[in-house]
Amino acid sequence: MARADDSGLRRRVFQSFALIALAVPAILGGALWLAAQRLGAGSGAPLVLFGGAAGFAIVGVVLWVWQWHDRNLVAPLQGLTRDVETISHSNPEHEIQPDQAPQLGRLAPAVSELAQALSTARGKVDEEVARATQEAEAQRRRLEAVLRDLHEGVMICNFEHQILLYNQRALEILHLTGALGLGRSLFSVVNRQPFLHSLEQLSNSLAAAEQGEVGDEPHETALVVCATVDGRYVLEGQVSLIIEPEEGAASGYVVTFQDATEKLATLGKRDRLLRSAIEGLRRPLANLRAASEMLTSDLDLNAEERKDFESVLESECAALSRHLEESHEEYRGLITGHWPMSDVYSANLLNCVVRRLRDERLLEAVMTGIPIWIHCDSHIVVELLDHVIHGIAQHGGVKAFDLEASQARGKCYLDISWQGEIIPSIVLDGWLDESLVEQLGGLTGRDVLQRHRSDLWCEAHRESWVRLRLPLPAPRGDHRPVGERQQALPARPEFYDFDLLRSASGVAAAERLLRELTFVVFDTETTGLEPSNGDEIISIAGVRIVNGRILTGESFSELVNPGRNIPKGSIRFHGITEEMVKDKPPIEQVLPQFRDYVGDAVLVAHNAAFDLKFLSLKQEACGVTFDNAVLDTVLLSAFLHDHTHKHTLDDVAERFGIEIQGRHTALGDSLVTAGAFLRMVELLEARNVRSLAEAIEASNRIVEIRRQQARY
């Protein structure tokens, strides 16, 4: 590494003078010995006395000359090297002071002139880059205008399911105010399994086409019906692959979607009204038939009249009954055909049930059997299974269940098995009449069965076990392996090139390049400087760095009520008064929100140990843990610029030519630190520090050096 070369310069100079210092007594001693042999007896003592004194004097002069060279030549050369690195890789406007190294003569002014020439050349390059950037920005604005005018939400993701682009409509449909962010996982806002299924369909179709297999219909897009992670909204949309024109391979996918919650709720209300109107005719018809029987038996009519009357009544009743049954069948077909359903892998659906039972119901459920494909609305089926299992647990005190999907006689079943008694039909009917999800218009379990043309019953299964069986439609698509089926190549849409589409995957975070990682640069403002003695956080802020860009639009900034007074000295420093925080939430509410914002990103802070101390003292009370990797810009600055002791945030900002705005506010300091950190990444790469592990190792060396210095 370059740092080893810098220390080697000082070592080589020292070795040179040390060699001279060792050579002096050796040469002088040899000369005195030869002189003593010539002069004879009695001359040894004076020669040793005066020769030794001369030798020590010469060694002392050599050491003094070495110290002079180290202080006046080697150290200035190292400082000049740091200045050159800063000019070359970070801040072209950085100035070299003329009197910084007068012993080096014209070297420092010559380097300064070279830096000016470099700055001029870079200026011309920057002009060309600015011109190209303006053209790219114009294209980006046109793209944003198109996306902004779309009625549908749009998100573009890579195959790590990181969000690369989204429009404002997506935020509105998802009812988010900023939680959706570039580089964040798509599955932090929507449920996972519908997308995995749709992507598998499209990927299999693409692979089949590349192998020359041709199907009946090309799979250009795949339907996706999903819910938000909180289950409050149902989304309906399509997924399309992004195909690289030259490579012919998929590098990501585009999701377009709409909010189907209100539409489905309206359908649910309409269905209940229709069912009530249609099924409500059954009782009057039964009464009519009974009355006709009574009339035919009690009226005083002759045989021919009675026969005609009976014929009319019977034919009308039969017609009404037939019409009712036909209407009922048409109703079932209508609601089934218009309700959004898709093919679902049973393992994904049942895993959702298992997690919900474990996390929300404190019930144990185990998925058994071989997963199969089924055709259903996975969201409302999960709601139905959760509702029924909760009822079984309350009815019979059951705490453990087996969940299995199976096929028998051409039908698909979802089975809930447990050790216990059979649930009476009257109890099961009561559960099915209860509302499942208010956001879907008070949908009941019976509504779910109607939509899937299904039923639900309880039966004995095996010794001491019973099961609840739910038949569901068979899958509509062909989900056999690619080699067993034929599919056509989907169209290859053209799109802009996004760097994140080619992000590395399957590499440990410590070994990944710094430029590939996601960072959250954060800062806190506090009531004082002693967290262990009662000082509290009054403001916490962070800004995200993704793909080498500071995403200021995705920042986190919250004031915190510390539950104690704020000293006047602290107020003068950060300007946050007690009036400003009296109605703000406590740290127990804010810190979990910040932890969610951070996710698995690498934390970066200036003097990180101070901020992390405040966070660590609040972890237990807030129920969170910050186990992320951490980088400290103070330590990185000391590593990169070891020729100076100026490593405050103001010093670092000045060194890198970063304009400071909002200084001594949590968000302002976070933005300044983020800007400095990106400049440091460039310098670190120039010093062959490229991965997170290497950056941590470099920081640890500075910590150890400071620990050693503290002993003296």
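All residue numbers in this chain count up from 1 along the given sequence.
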Test item: [X] and [Y] side chains (from C-beta on) under 4.5 Å apart, heavy atoms:
| X | Y | answer |
| --- | --- | --- |
| I156 | Y166 | no |
| V353 | L403 | yes |
| L432 | T444 | no |
| L174 | F257 | yes |
| L436 | I380 | no |
| N158 | Y253 | no |
| V448 | D377 | no |
| V225 | H379 | no |

Q | Test log, rule side chain to side chain contact (heavy atoms under 4.5 Å, CB included), inputs L591 and I540 | A | CA-CA 9 Å; L591 199 58; I540 184 169; 4.3 Å; yes
**Q.** side chain to side chain contact (heavy atoms under 4.5 Å, CB included), paired with R544, selected from V520, V598, I550
**A.** V520
Rounded to the nearest 0.5 Å, how far apart are [atom1] of [X] and [atom2] of [Y]?
| X | Y | atom1 | atom2 | value |
| --- | --- | --- | --- | --- |
| M155 | H161 | CE | NE2 | 12.5 Å |
| S435 | D447 | OG | CG | 9.0 Å |
| L235 | C226 | CG | SG | 4.5 Å |
| F522 | F626 | CZ | CZ | 7.5 Å |
| F159 | S251 | CZ | OG | 7.0 Å |
| Q258 | E236 | CD | CD | 7.5 Å |

Side-chain ([X]) to main-chain ([Y]) donor-acceptor, under 3.5 angstrom:
| X | Y | answer |
| --- | --- | --- |
| N628 | L603 | no |
| R512 | E516 | yes |
| S188 | S185 | yes |
| T228 | Y233 | yes |
| T261 | V234 | yes |

Q. What residue pairs, at least two apart or across chains, pass side chain to side chain donor-acceptor pair (under 3.5 Å) with a residue in residues 384-400?
A. R361-D386, H387-E434, H390-Q394
Any idea which heavy atoms bring [X] and [Y] closest together, and the distance?
| X | Y | value |
| --- | --- | --- |
| E152 | I173 | C-CD1, 4.2 Å |
| L470 | S454 | CD1-OG, 3.5 Å |
| I587 | C622 | O-SG, 3.6 Å |
| S378 | V344 | CB-CG2, 3.9 Å |
| L428 | C458 | CD2-N, 4.4 Å |
| G153 | R169 | N-CG, 3.8 Å |

Q: Before giving the answer on side chain to side chain contact (heavy atoms under 4.5 Å, CB included), spell out for F594 and V624 the whole-Å C-alpha distance, their side-chain angles and the decisive distance to 0.1 Å.
A: CA-CA 10 Å; F594 180 67; V624 298; over 6 Å; no
List for me each residue that meets side-chain contact (heavy atoms from CB on, under 4.5 Å) alongside [X], sequence neighbours excluded, and say none if there are none.
| X | answer |
| --- | --- |
| D596 | none |
| A629 | V602, L692 |
| D455 | L449, W457 |
| N351 | R355, M367 |

Side chains of residues 413-422: which donor-acceptor partners sit under 3.5 Å, not counting sequence neighbours?
unit_1	atom_1	unit_2	atom_2	d
D415	OD1	R469	NE	2.9
D415	OD2	R469	NH2	2.8
Q419	NE2	S464	OG	3.4

Q) Counting heavy atoms not belonging to D429, are there more than 12 under 6.0 Å from its CG? A) yes
**Q.** Neighbour count >12 (heavy atoms, 6.0 Å) for atom CD, E364
**A.** no
Q. Going through the checks in order, is the side chain to side chain contact (heavy atoms under 4.5 Å, CB included) test met by F187 and L196?
A. CA-CA 10 Å; F187 302 138; L196 298 182; 4.1 Å; yes
Q. Side chain to side chain contact (heavy atoms under 4.5 Å, CB included) between V239 and L199: does it pass, once the steps are laid out?
A. CA-CA 7 Å; V239 180; L199 289 173; 3.7 Å; yes
(Q) If only side-chain N and O atoms count, and only distance matters, is there a donor-acceptor pair under 3.5 Å linking T625 with D627? (A) no
